[in-house]
Asker: 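Please read through the structure below; I'll follow up with questions.
Count residues from 1 along the sequence.
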Amino acid sequence: MSFQIESERLIIRDVREADIPILVEYFAEPIARKNILSCQLDSEFNRKYFENGIAWAKHPQRIYYQFAVTLKTDDTLIGNCSIYKVYPESIDTNIGWHYGSRFRGNGYATEAAQKLLYFGFELEEVSSIYADCFVENKASIRIMEKIGMKPHWNSSAFNFMRGLLSYGEFTSAVRYSITRNQWLDKTNFVFQQ
């Protein structure tokens with residue numbers, strides 16, 4: 001069963017076969033190289049990653065979601081986002097994103113990430129959601145902060161260990177998280193203003 005959710009400017013839907021070459025190209029952009037995992041520098045790895053997302057979309061008890069993000073105005077594919085380990089009361093749900101360089105700086109990633117939180121907390125009733133990125137990835141850190149996430153167990157030594165043990169990288173990675181209750185408090189505050 002295919003999934004789709006919309007925001008003000010975006011359509012967030014399951015990845016399709018026709019999306020894969022464009023998404024793989026976005027990972028190959030020179031500007032992307034410093035903010036992605038070493039394995040994501042390999043086009044074949046990325047192609048299989050998106051093919052796995054298509055396969056998961058057919059799974060009856062789906063817990064992994066790999067989405068394509070398109071503009072509502074003209075259906076331009078601008079990037080992808082994901083949410084993994086999605087099931088009620090999960091404390092290990094994580095989100096991520098990657099966008100083509102020409103679409104950065106427009107608030108699209110923040111808008112899509114807000115919808116991932118809505119999907120996880122409101123529709124699937126997970127308990128907590130986190131996101132990781134390299135310490136130098138200031139744009140992703142800003143997105144995490146904008147959607148209400150807070151630093152989670154971040155220190156120089158711990159960040160280095162996270163990068164090494166979680167991702168096999170000799171680069172420090174920060175983690176930001178938000179609980180369902182924090183999200184509900186933030187959402188209710190926004191709606192009341």
Side-chain angles (χ1 to χ4, degrees), residues 9-56 64-71 74-85 93-117 129-147 149 151-177:
R9 301 178 295 167
L10 306 173
I11 296 172
I12 302 158
R13 58 162 174 78
D14 284 325
V15 171
R16 299 174 186 155
E17 193 71 37
D19 299 330
I20 294 176
I22 297 167
L23 294 173
V24 168
E25 183 180 307
Y26 290 158
F27 277 92
E29 293 177 330
I31 196 169
R33 295 187 179 276
K34 66 180 180 178
N35 294 322
I36 60 177
L37 300 172
S38 298
C39 59
Q40 294 171 319
L41 297 171
D42 179 6
S43 294
E44 183 63 18
F45 173 89
N46 292 326
R47 186 182 63 73
K48 288 183 179 181
Y49 173 74
F50 290 115
E51 287 174 352
N52 287 339
I54 292 170
W56 264 105
Y64 295 99
Y65 294 82
Q66 182 59 248
F67 297 127
V69 181
T70 65
L71 298 177
D74 61 5
D75 203 37
T76 299
L77 178 61
I78 65 170
N80 72 286
C81 61
S82 59
I83 184 167
Y84 294 150
K85 299 181 184 173
T93 302
N94 65 308
I95 61 174
W97 48 80
H98 187 83
Y99 291 86
S101 60
R102 68 179 195 208
F103 304 108
R104 295 180 185 164
N106 296 299
Y108 297 137
T110 300
E111 192 171 323
Q114 288 169 331
K115 282 298 181 179
L116 291 177
L117 294 183
I129 297 176
Y130 74 89
D132 293 343
C133 73
F134 294 139
V135 171
E136 299 84 22
N137 191 344
K138 303 301 182 200
S140 282
I141 291 171
R142 279 193 304 275
I143 292 164
M144 293 180 226
E145 291 171 344
K146 285 180 187 177
I147 64 173
M149 291 182 150
H152 183 86
W153 289 85
N154 289 327
S155 70
S156 296
F158 201 79
N159 292 346
F160 180 77
M161 294 304 293
R162 181 182 294 121
L164 184 61
L165 298 177
S166 296
Y167 300 104
E169 302 283 341
F170 289 101
T171 304
S172 294
V174 294
R175 175 166 293 175
Y176 280 64
S177 65

Asker: Which heavy-atom pair separates V15 from A68 by the least distance, and what is that distance?
Answerer: CG2-N, 3.6 Å

Asker: Give a yes or no answer on whether the side chain of N106 reaches the backbone of Y108 with a donor-acceptor pair at less than 3.5 Å.
Answerer: no

Asker: For the CZ atom of R102 and the CD1 atom of I31, what is their distance to the nearest 0.5 Å?
Answerer: 13.5 Å

Asker: Spell out, as yes or no, whether a donor-acceptor pair under 3.5 Å connects the side chain of T93 to the backbone of K85.
Answerer: yes

Asker: Does the side chain of I143 reach to within under 4.5 Å of the side chain of I95, using non-hydrogen atoms?
Answerer: no

Asker: Of all the heavy-atom pairs spanning M144 and C133, show the shortest one and how long it is.
Answerer: CE-SG, 3.3 Å

Asker: Are the side chains of N80 and W97 in contact, using a 4.5 Å heavy-atom criterion?
Answerer: no

Asker: Assess the side chains of Q66 and N52: does a donor N or O sit below 3.5 Å from an acceptor N or O?
Answerer: no

Asker: So which heavy atom on Y99 is nearest to which on A112, and how close?
Answerer: OH-CB, 3.2 Å

Asker: Using every non-hydrogen atom in the two residues, find where I36 and F134 come nearest and quote the distance to one decimal.
Answerer: O-CE1, 3.4 Å

Asker: Passes side-chain contact (heavy atoms from CB on, under 4.5 Å), I78 versus L71? Steps please.
Answerer: CA-CA 7 Å; I78 65 170; L71 298 177; 3.7 Å; yes

Asker: Rounded to the nearest 0.5 Å, what separation is found between the CG atom of N137 and the CZ atom of R142?
Answerer: 9.0 Å

Asker: Report the distance from atom CZ of F45 to atom OG of S43, rounding to the nearest 0.5 Å.
Answerer: 11.5 Å

Asker: Step by step, would you call L10 with K115 a side-chain contact (heavy atoms from CB on, under 4.5 Å)?
Answerer: CA-CA 10 Å; L10 306 173; K115 282 298 181 179; over 6 Å; no

Asker: To the closest 0.5 Å, what do you measure between CD1 (I83) and CG (L116)?
Answerer: 5.5 Å

Asker: Does the N94 side chain pair with the main chain of Y130, one donor and one acceptor, at a distance under 3.5 Å?
Answerer: no

Asker: Please find out if less than 6.0 Å separates the ring center of H98 from that of Y26.
Answerer: no

Asker: Carefully, step by step, assess N35 and S140 under the rule side-chain contact (heavy atoms from CB on, under 4.5 Å).
Answerer: CA-CA 9 Å; N35 294 322; S140 282; over 6 Å; no

Asker: Are the side chain of R33 and the backbone N or O of L41 linked by a donor-acceptor pair below 3.5 Å?
Answerer: no

Asker: Residues two or more places apart in sequence or in another chain: which of them pass salt bridge (Lys or Arg N to Asp or Glu O under 4.0 Å) with R9?
Answerer: E111

Asker: Give the C-alpha distance, both sets of side-chain angles, the deciding distance and a yes or no for side-chain contact (heavy atoms from CB on, under 4.5 Å) between F67 and D14.
Answerer: CA-CA 5 Å; F67 297 127; D14 284 325; 3.8 Å; yes

Asker: What closest approach, in Å, do I54 and E17 show between heavy atoms, and which atom pair accounts for it?
Answerer: CD1-N, 3.5 Å

Asker: How close do L77 and V69 get, counting heavy atoms only, and between which atoms?
Answerer: CD1-O, 3.5 Å

Asker: What pairs meet the salt bridge (charged side-chain N to carboxylate O under 4.0 Å, His left out) rule with one or both residues in residues 156-177, with sequence neighbours excluded?
Answerer: D132-R175

Asker: Could you grab the distance from atom CG of D19 to atom CZ of R13, nearest 0.5 Å is fine?
Answerer: 4.0 Å

Asker: Would you please classify the geometry between the Y84 ring and the Y49 ring as parallel, tilted or perpendicular, with 30° and 60° separating the classes?
Answerer: perpendicular

